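All of these numbers come straight from a predicted model, not from anything done at the bench.
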Amino acid sequence: MIAGRKVSLRPVEDGDIELIHRWMNTPAVWRGMDYERPFSLADVAEDVARSRAEGRPFTIVADGRPVGRIGLNAFRGRDRIAAMYMYIGEEDAQGHGFGTDAVMTLLGHAFDRLDLARIELWALGDNEPALALYRACGFKEEARLPGRSWKEGGWVDRVVMSVTRERFAEALDREAHRGD
């Protein structure tokens, strides 16, 4: 378990599979994560097994209940880089700062415990809430790939972002001086 200010991150458990299945098939998560097709329980079980074998998947827990998923994958050991993914699956848990705290908590773990140098991610270019969250955590846009995802009858850009240990430290400092 990794403790944050508002959330804790615990390894994904087998008992989470039905919950993750529900989350992955909700419209907001479906769109934000740019999924291509509905997921069966077997798909989710396979995804969780692959995530455990190839990365570090966590369930985001807030107020004693699972509310989302976050993790690292696509590790490149020589370069000390990994990719990150995150979503808040419980609609009533959105907008409470749980996503930001989950990202900051995972980044602290990634830089301090795993000694990574950079964390990468991509997001849809029209998902301003996600982009703002990532910017607040120190991520910077590195590339905008035009028209990479077909959504609701039109093309949407993909944005590639990354954060370094130094930019994360700056984000931590801003958070500490914000005084919430």
Side-chain angles (χ1 to χ4, degrees), residues 1-75 81-114 116 118-124 127-139 149 151 158-163 168 171:
M1 178 98 50
I2 306 168
R5 290 176 60 205
K6 295 182 175 188
V7 303
S8 59
L9 310 179
R10 65 161 169 76
V12 172
E13 299 170 354
D14 289 344
D16 296 330
I17 290 175
E18 287 187 29
L19 191 56
I20 292 168
H21 175 254
R22 180 171 56 81
W23 291 339
M24 288 175 71
N25 284 297
T26 61
V29 172
W30 176 273
R31 189 186 192 289
M33 297 300 289
D34 200 24
Y35 295 144
E36 293 183 24
R37 61 180 177 78
F39 293 92
S40 69
L41 272 174
D43 293 333
V44 173
E46 182 180 311
D47 175 66
V48 166
R50 184 176 50 256
S51 295
R52 287 175 178 153
E54 299 173 2
R56 297 190 182 228
F58 296 97
T59 297
I60 302 167
V61 178
D63 300 325
R65 72 181 178 121
V67 297
R69 189 170 178 202
I70 192 167
L72 298 170
N73 59 22
F75 283 87
I81 295 174
M84 188 191 83
Y85 59 90
M86 188 277 298
Y87 60 80
I88 300 298
E90 294 296 331
E91 188 175 330
D92 67 343
Q94 296 171 0
H96 298 283
F98 299 144
T100 301
D101 190 49
V103 170
M104 294 296 280
T105 300
L106 184 63
L107 292 178
H109 177 74
F111 291 126
D112 295 340
R113 301 287 184 213
L114 303 179
L116 294 176
R118 179 180 303 266
I119 308 297
E120 303 171 327
L121 62 80
W122 69 263
L124 291 175
N127 190 348
E128 192 51 46
L131 296 174
L133 181 158
Y134 297 135
R135 284 186 203 106
C137 295
F139 282 86
S149 292
K151 291 290 179 193
R158 281 194 181 179
V159 175
V160 179
M161 304 178 88
S162 77
V163 62
F168 172 65

(message) The criterion is side-chain contact (heavy atoms from CB on, under 4.5 Å); which residues satisfy it with Asp34, sequence neighbours excluded?
(response) Trp122, Leu124, Ser149, Lys151, Arg158

(message) Does any part of the side chain of Thr100, heavy atoms only, come nearer than 4.5 Å to the side chain of Cys137, both counted from C-beta?
(response) yes

(request) Apply ring-ring contact (aromatic ring centres under 6.0 Å, His included) to Phe75 and list each qualifying residue two or more places apart in sequence or on a separate chain. (result) none

(request) Would you check if Ile81 and Leu116 make a side-chain contact, meaning some heavy-atom pair closer than 4.5 Å? (result) no

With a cut-off of 3.5 Å and sequence neighbours excluded, list every side-chain donor-acceptor pair involving residues 53-68.
{"unit_1": "Thr59", "atom_1": "OG1", "unit_2": "Asp16", "atom_2": "OD2", "d": "2.8"}
{"unit_1": "Arg65", "atom_1": "NH2", "unit_2": "Asp92", "atom_2": "OD1", "d": "2.7"}
{"unit_1": "Arg65", "atom_1": "NH2", "unit_2": "Asp92", "atom_2": "OD2", "d": "3.1"}

(message) Which residues pass the side-chain hydrogen bond (donor to acceptor under 3.5 Å, both in side chains) test with Arg31, not counting sequence neighbours?
(response) Asp126, Glu152

(message) Using the side-chain hydrogen bond (donor to acceptor under 3.5 Å, both in side chains) criterion, which residues pair with Ser40? Sequence neighbours excluded.
(response) Asp43

(message) Please enumerate all residues that pass ring-ring contact (aromatic ring centres under 6.0 Å, His included) together with Tyr87, with sequence neighbours excluded.
(response) none

(message) Going by salt bridge (Lys or Arg N to Asp or Glu O under 4.0 Å), name the residues that satisfy it together with Glu91, two or more places apart in sequence or in a different chain.
(response) none

(request) Not counting sequence neighbours, which residues clear salt bridge (Lys or Arg N to Asp or Glu O under 4.0 Å) with Arg50? List them please. (result) Glu46, Asp47

(message) Holding to side-chain contact (heavy atoms from CB on, under 4.5 Å), I want the full list of residues that pass it with Thr105, two or more places apart in sequence or in another chain.
(response) Ile2, Leu9, Asp101

(message) Closer than 3.5 angstrom, by distance alone: can the side chain of Thr26 be matched with the main-chain N or O of Trp23 as a donor-acceptor pair?
(response) yes

(request) State which residues pass side-chain contact (heavy atoms from CB on, under 4.5 Å) with Glu36; sequence neighbours excluded, sorted by chain then number. (result) none

(request) Could you list the residues that satisfy side-chain contact (heavy atoms from CB on, under 4.5 Å) with Pro27, not counting sequence neighbours? (result) none

(request) Would you please name every residue forming a side-chain hydrogen bond (donor to acceptor under 3.5 Å, both in side chains) with Glu120, sequence neighbours left out? (result) Arg76

